[in-house]
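Below: one structure, written as structure tokens.
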Amino acid sequence: MIEIRKVGEASYSFQVKNEVGNTILYSISFATQIAVDKTVSELIPLIDKPGVFERKTDYNGKFLFNLKNLNGQVIGRSQLYDSEAGMENGINNVKSSIAMQSGNHA
């Protein structure tokens with residue numbers, strides 16, 4: 001599920017949630033509703049492109065990933081994972097949640 005939210009007075013964001021409603025990807029802030037809607041509409045074709053999931057390790061040894069658009073700009077960030085396998089599972093969950101979206105968002 002993809003949930004779009006108004007953040008404060010002047011920005012918008014989206015979150016990708018898994019089947020039980022936990023947030024598994026947090027977007028960057030967008031200045032307008034149109035910008036966030038456009039980005040969300042591009043997620044389904046984006047998730048199967050090579051290089052859009054950037055895998056990283058933080059300074060504490062935790063794993064995370066960023067979702068990038070086709071221009072290489074980060075548009076979303078994951079939570080922290082204790083293992084690389086957990087991070088890979090998180091990426092698969094994001095892909096599944098976006099693919100199941102079928103164009104409708106809350």
Side-chain angles (χ1 to χ4, degrees):
M1 171 172 60
I2 299 172
E3 181 178 288
I4 295 175
R5 299 177 144 188
K6 185 169 185 180
V7 182
E9 292 295 315
S11 65
Y12 297 84
S13 69
F14 68 87
Q15 296 178 357
V16 178
K17 297 188 174 198
N18 63 14
E19 292 176 353
V20 295
N22 296 325
T23 301
I24 53 177
L25 185 83
Y26 300 88
S27 80
I28 61 168
S29 292
F30 296 88
T32 66
Q33 177 83 45
I34 293 169
V36 76
D37 286 344
K38 181 178 185 295
T39 300
V40 166
S41 72
E42 294 169 349
L43 289 176
I44 291 174
L46 180 69
I47 59 171
D48 290 324
K49 302 285 186 204
V52 298
F53 287 98
E54 176 186 43
R55 292 150 173 90
K56 300 182 84 169
T57 306
D58 78 353
Y59 61 92
N60 287 322
K62 301 278 187 174
F63 297 88
L64 66 144
F65 60 89
N66 292 327
L67 176 61
K68 294 183 169 188
N69 64 17
L70 293 178
N71 296 325
Q73 298 167 312
V74 173
I75 58 172
R77 291 180 168 78
S78 73
Q79 62 188 23
L80 294 174
Y81 296 91
D82 291 328
S83 69
E84 190 171 1
M87 175 187 64
E88 292 299 331
N89 190 45
I91 290 170
N92 289 332
N93 285 338
V94 166
K95 287 181 176 184
S96 294
S97 293
I98 290 171
M100 290 180 0
Q101 185 65 26
S102 72
N104 298 319
H105 50 267

| query | In terms of heavy-atom contacts, does CG of Asp58 have more than 12 from other residues, nucleotides or ligands at under 6.0 Å? | reply |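 Buried by this count: over 12 neighbours within 6.0 Å.
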| field | For Tyr81, all residues meeting ring pair (Phe, Tyr, Trp, His ring centres under 6.0 Å), sequence neighbours excluded | value |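 In terms of ring pair (Phe, Tyr, Trp, His ring centres under 6.0 Å), with neighbours along the sequence ignored, Tyr81 is linked to no residue.
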Nearest 0.5 Å please: distance from the [atom1] atom of [X] over to the [atom2] atom of [Y].
X	Y	atom1	atom2	value
Asn89	Ser83	CG	OG	8.5 Å
Ser78	Lys56	OG	NZ	10.5 Å
Ser97	Asn92	OG	CG	10.5 Å
Arg55	Asn66	CZ	CG	11.5 Å

Distance-only donor-acceptor hits, side chain of residues 25-32, under 3.5 Å, sequence neighbours excluded:
from	atom 1	to	atom 2	distance (Å)
Ser27	OG	Phe14	N	2.7
Ser27	OG	Phe14	O	3.1
Thr32	OG1	Ala35	N	3.0

Tell me, please, which residues at least two apart from [X] pass side-chain hydrogen bond (donor to acceptor under 3.5 Å, both in side chains).
X	value
Asn60	none
Thr23	Gln15
Glu84	none
Gln79	none

| Considering residues at least two apart in sequence or located in another chain, which fulfil the side-chain contact (heavy atoms from CB on, under 4.5 Å) criterion with Asn69? |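 For Asn69 the side-chain contact (heavy atoms from CB on, under 4.5 Å) partners, ignoring immediate neighbours, are Asn71, Gln73, Ile75.
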| Does any non-hydrogen side-chain atom of Leu67 lie less than 4.5 Å from one of Leu43? |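 Side-chain contact under 4.5 Å: yes.
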| message | Ile98 vs Ile2, test: side chain to side chain contact (heavy atoms under 4.5 Å, CB included). Steps then yes/no. | response | CA-CA 7 Å; Ile98 290 171; Ile2 299 172; 4.3 Å; yes
| query | Closest heavy-atom contact between Ala99 and Ile47? | reply |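 Shortest heavy-atom separation between Ala99 and Ile47 comes out as N-CD1, 4.2 Å.
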| said: Please give me the minimum heavy-atom distance between Val40 and Ile4, naming the atom from each residue. | reply: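 Minimum heavy-atom separation between Val40 and Ile4: CG2-CD1, 4.1 Å.
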| message | Side-chain heavy atoms under 4.5 Å apart, restricted to Ile/Leu/Val/Met/Phe/Trp/Tyr: what other residues fall into the cluster of Leu80, or is it alone? | response |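 Other cluster members: Leu64.
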| task | Please write out which residues are connected to Val7 in a hydrophobic cluster, directly or through intermediates, given that two of Ile, Leu, Val, Met, Phe, Trp, Tyr count as joined at side-chain heavy-atom separations below 4.5 angstrom. | result |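 Direct or chained contacts put Val7 with none.
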| request: Give every residue pair that meets the salt bridge (Lys or Arg N to Asp or Glu O under 4.0 Å) criterion with at least one member in residues 6-33, sequence neighbours excluded. | output: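 Passing the test, one end in residues 6-33: Glu3-Lys17.
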| Restricting to pairs with a member in residues 66-78, which pass salt bridge (Lys or Arg N to Asp or Glu O under 4.0 Å), not counting sequence neighbours? |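 Listed once each, the pairs are Glu54-Lys68.
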| task | Can you run down the ring-ring contact (aromatic ring centres under 6.0 Å, His included) pairs that involve residues 35-55, sequence neighbours left out, and say none if there aren't any? | result |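 Residue pairs passing ring-ring contact (aromatic ring centres under 6.0 Å, His included), neighbours aside: Phe53-Phe65.
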